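Counting convention: from 1, in listed order, for ligands and their atoms alike. Computed from a predicted model, the values in this text were never measured in an experiment. In this chain, residues are counted from 1 in sequence order.
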Amino acid sequence: MTEPHQPPASAPSASSAPSANRRNFVSKAAALVVGGLISVVAPVAGLFTLLDPLRRKGDTRGMVRITSLAALPDSGEPRKFPVLDTLVDAWNRTENVPVGSVYIQKTGENTVRVLNSVCPHLGCSVGWNAANHGYFCPCHKSAFAVDGSIADPKSPSPRAMDALEAEVRNGEVWVRFQNFRKGSPDKVPV
Ligand code: FES
C-alpha cells in the first residue's frame, strides 16, 4: 500500500523571522521597563507613608461641629470658640485636637457669620472689642469691623479677616475650618 503524499513542512520565510524577533525584543524590553518602574515606585511610596507620620488625614477639610446656635447671643455679638478636630497619622487617631479658633456671629434666625480668629497680617490672635463693636489685633494695631472688613485704613493687615464657610444643621453650627497665607492680599489656603 502506498503512503499518501505528505507536503513538506514549510520553512519560515526569510522576511517573517526578523519581524518575530523584533516583536520578542520589544515585549521583553517593555516588561523590563514596567518591572523596573514598579520596583522603584512601590518602595518610595511606602517610605513616604512611613517617614511622614504627622501627615494629617483629619477632618479639617470637611465640616467640623463648633457649637449650638443657642450658644450665640441674639444681639449679634460674636463669640469665640476653639476648633477641635480629629487628627490621624500613620499610627494614631487623636480626637479633639485644637487646630484653631473662630468668631461666630448670629446674623439671623438660622444664619451665622464665621471668621478665622487669626490676623491675616502676621498671624496674631485678633480680639473682640465690645466697646468699639469691632475686632482689634494688638500686635500691629489692625482694626476690623464686625463683618471682618478692615475698619481703619492704617491697619497693616493686607486683607479683611478670613470668613469661613458655615452651615446651621439642626440647631448646630458646622464650619469648614481653613487657615490662609499670612501677609498676602489674596486669601490663599494653606
Ligand atoms: S499680626 Fe495683626 S496687625 Fe500684625
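For the disulfide (SG to SG under 2.5 Å) condition, the pairs that include at least one residue of residues 137-176, sequence neighbours left out, are Cys124-Cys139.
Partners of Glu95 according to the side-chain contact (heavy atoms from CB on, under 4.5 Å) rule, which considers only residues two or more places apart in sequence or in another chain, are Thr86, Arg93. By the ring pair (Phe, Tyr, Trp, His ring centres under 6.0 Å) test, Trp174 pairs with no residue at all, sequence neighbours left out.
Within the protein, the N, O or S atoms sitting under 2.8 Å from atom 4 (Fe) of ligand 1 are His121 ND1, His140 ND1.
Defined by atom type and a distance below 3.5 Å, a donor-acceptor pair is present between the side-chain atoms of Asp147 and Ser149.
Phe136 and Val146 end up in different hydrophobic clusters when Ile, Leu, Val, Met, Phe, Trp and Tyr side chains are linked at under 4.5 Å. Both Leu115 and Trp128 belong to a common hydrophobic cluster when Ile, Leu, Val, Met, Phe, Trp and Tyr are linked at side-chain heavy-atom distances under 4.5 angstrom.
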